Each structure stands twice: as structure tokens, then as C-alpha cells.
Amino acid sequence: MIESIKRLVGTDKSQPRTREELIAKIRQSPLPEHVAIITDGNGRWAKKRGLPRTAGHAQGMKRVREIIRAADELGIKVLTFYSFSTENWKRPKDEVEYLMKLPSEFLKTDLQELIERNVKVQMLGEKSATPSYTQSALMEFEERTKHNTGLILNFAINYGSRDEILRAVRQMIEDVQNGHIDKDRIDEELMSSYLLTRGLPDPDLVIRTSGEIRVSNFLLWQLAYSELLFTDVLWPDFTQEHFFLAVEDYQRRSRRFGAV
Ligand code: IPE
Ligand code: IPE
Ligand code: MG
């Protein structure tokens, strides 16, 4: 893990490769099906430059666009961004308001490209707690891309894994009580089907930027066997090359799932 952090921040200059060489090499090995990213460090990026935190979020949104393009180019099946947690409501009102306006900005600038790329946009998280302009932008993304068959792009907004698990448990209890499911048939597969990620593969690779080494209430059930990659790079500095190197790092790992 330490080695991969060094490589991602670019201290290993032994093997300079062009973008094309890197992509060609990645294509030779199996890809992660689902990559999930905790896009952290926007505030610190802005602070380092004497800018308001919102400037970091604006730059971060540009990186989201670039990484969607990179994932699509590689042929990744599912890409998930952790964009706003259930705990992020604790932030100053101005910052929350700015973040809640980003989906409608992104809709104006990027919906067309996502449609052209055949990307299907989905949300993880309780939309109804967000302002009406956020909800309508999120719903328009989902509605306008729902028949697309390419990259599945999830935005976790107002998402919290413990909240997701509690909702699943409550719903399951209700379904046992009303006879829809049998208590003795509750297994991992059934539990997964009650989560917001139902139908999606668990993340193979989870990337967290900004040097924090924690998961912050993200996909706690789903990342039981995910490969985790932590890098000091702040999200607004995270380029397509960093993304390709992260995928390459994943491809060098040996996943055992408890076996030998
Ligand atoms: C991630 O960047 C974006 C959100 C959580 C919305 P931060 O805003 O958490 O940036 P830092 O961690 O303060 O640098
Ligand atoms: C995690 O980042 C959530 C998102 C990236 C949306 P935070 O910045 O909220 O996490 P903590 O508070 O450092 O754990
Ligand atoms: Mg943060």
C-alpha cells in the first residue's frame, strides 16, 4: 500500500510511460468491475491556495468529469462516487448549499455527454432530504439515462452506510411480519438485495484521496472484500493518470477471499 501511495504521488520516476502505453498495459489484465471513490480533500486543496472551500468543490467536479471519461475509456462497468455523506449536513450552511447546487450545474454541463457515452446515472442515498432543485436534477439524470446500457455511474449523495443497513433491516422485518420472506431464508444474498446497491457487484477497488485512511460510513457491507487504495493526492489534483495507476495497482494484487 505504501508503495502504491509513493507511485501515485509520482516519486517513482523509474518507468515513465505514455498514457497510451499505460492503457494498453491495463487492457491486458482483468479490470475491476466496480470502482468506488471517496473523493476527499477538496477543502484542503482550496485552503492551500487561499481560496474558499467551495473553489475546491468546483475543481473537484471537474475531476469527477475526467474520471468518468477515463473509466468509460477503460471499459469499467460500475463507477461510484461518494459525493455527500449523511454526516456532511454538519458543515456550514453556505458550503452545504453550494454542494447541493452542484448536481444541477453538472446536469447543464454534462448530461448530454453522458447520454452520448451511453452512461446510466443512478443515485445512492435519500434524495427526499435534499433541496427541491437538487432532487429535480438528480431525478432528471436518472430519468434521461435510465435506458442506457454502458457504464453505470452512481453518485452517493446524502448516503450513509449505517443508515442504509438500518433501513434494510427495518424493511426486512416488515417483510417477515407480512409473510413476504421467511426469516430462515435471510442470507447474504437476500441482505444485499435490500441495500441501495442491489443488483450491482460489490466494489472491487475503493480509492480514497487526501491521505485519510478511513472509510467514513461508506458501503460498509459491500466493501467486505474490496481492495482499498489510499493516496495522499487531494481529489482536485487527482488526474486520469492517477486513476489508471490505481487500476494498475489493483491488477497486481492477489485477491484470496479467505482461501489460499
Ligand atoms: C470532499 O472534500 C468533498 C465532500 C466531503 C463533500 P472535503 O470537503 O471533505 O475536503 P477536506 O477533507 O475538508 O479537505
Ligand atoms: C467522506 O469525506 C465523505 C465524502 C467524500 C463525501 P469526509 O471529509 O466527510 O470524511 P471525514 O469527516 O474526514 O471522515
Ligand atoms: Mg474531507
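In listed order, ligands and their atoms are each counted from 1. Predicted model, so just to flag it, every value in this text is computed and none were measured.
- For the pair E21 and K25, the salt-bridge criterion is not met [side-chain N within less than 4.0 Å of a carboxylate O].
- A donor-acceptor contact closer than 3.5 angstrom links the side chains of H242 and T239.
- Judged by distance alone, the side chain of T145 and the main-chain N or O of I115 form no donor-acceptor pair under 3.5 Å.
- Interface atoms of ligand 2 facing F84, defined by a heavy-atom separation under 4.0 Å, are 6 (C).
- For the pair L124/F155, no side-chain contact is recorded, criterion being any heavy-atom separation below 4.5 Å from C-beta on.
- Closest protein heavy atom to atom 14 (O) of ligand 2: S216 OG, 2.6 Å.
- Contact analysis leaves R44 out of contact with ligand 2, as no non-hydrogen atom separation drops below 4.0 angstrom.
- A donor-acceptor pair shorter than 3.5 Å cannot be found between the side chains of N217 and Y159.
- Under a 4.0 Å criterion applied to the non-hydrogen atoms of D40, ligand 2 contributes the atoms 2 (O), 8 (O).
- Closest to atom 2 (O) of ligand 1 by heavy atom, among V96, T209, N42, is N42.
- If you check the side chains of T39 and R63, you find no donor sitting under 3.5 Å from an acceptor.
- At least one donor-acceptor pair under 3.5 Å links the side chain of T209 to the backbone N or O of D40.
- Listed by atom number, the atoms of ligand 2 under 4.0 Å from R214 heavy atoms are 11 (P), 13 (O), 14 (O).
- Counting only heavy atoms of the protein, atom 4 (C) of ligand 2 lies nearest to Y82 O, 3.7 Å.
- Backbone and side-chain nitrogen or oxygen atoms of S83 are examined, and none is located within less than 3.5 angstrom of a nitrogen or oxygen of ligand 1.
- Counting atoms of ligand 2 from 1 in the listed order, those under 4.0 Å from a heavy atom of R91 are 7 (P), 8 (O), 9 (O).
- Annotation: cation-pi pair R91/W89 absent, no NZ/CZ under 6.0 Å from the ring centroid and within 45° of its normal.
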- Pair Q222-D202, side chain to side chain donor-acceptor pair (under 3.5 Å): steps then yes or no: CA-CA 5 Å; Q222 297 89 334; D202 288 339; 6.0 Å; no
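- Side-chain atoms of D204 and S226 include no donor-acceptor pair closer than 3.5 Å.
- In this structure, K90 does not count as a contact residue of ligand 2, since none of its heavy atoms falls inside 4.0 Å of the ligand.
- Looking only at heavy atoms of the protein, atom 9 (O) of ligand 2 is closest to N88 ND2, 2.9 Å.
- Nearest protein heavy-atom neighbour of atom 1 (C) of ligand 1: T39 O, 3.0 Å.
- No side-chain heavy atom of E142 sits less than 4.5 Å from a side-chain heavy atom of K120.
- Residue contacts with ligand 1 for K47 are absent, since no atom lies close enough (heavy atoms, distance under 4.0 Å).
- For ligand 1 and L99, the ligand atoms under 4.0 Å from any heavy atom of the residue are 6 (C).
- At a threshold of 4.5 Å between non-hydrogen side-chain atoms, the residues R167 and Q171 do not count as touching.
- Scanning all protein heavy atoms for the shortest distance to atom 10 (O) of ligand 1 gives G43 N, 2.9 Å.
- The H57 neighbourhood of ligand 1 comprises atoms 3 (C), 8 (O), with distances under 4.0 Å to a heavy atom of that residue.
- Residue E212 places every heavy atom at 4.0 Å or more from ligand 2.
- With respect to the Mg ion (ligand 3), D40 has OD1 as its nearest N, O or S atom.
- Taking a 4.0 Å cut-off on heavy atoms, G41 registers as neighbouring ligand 1.
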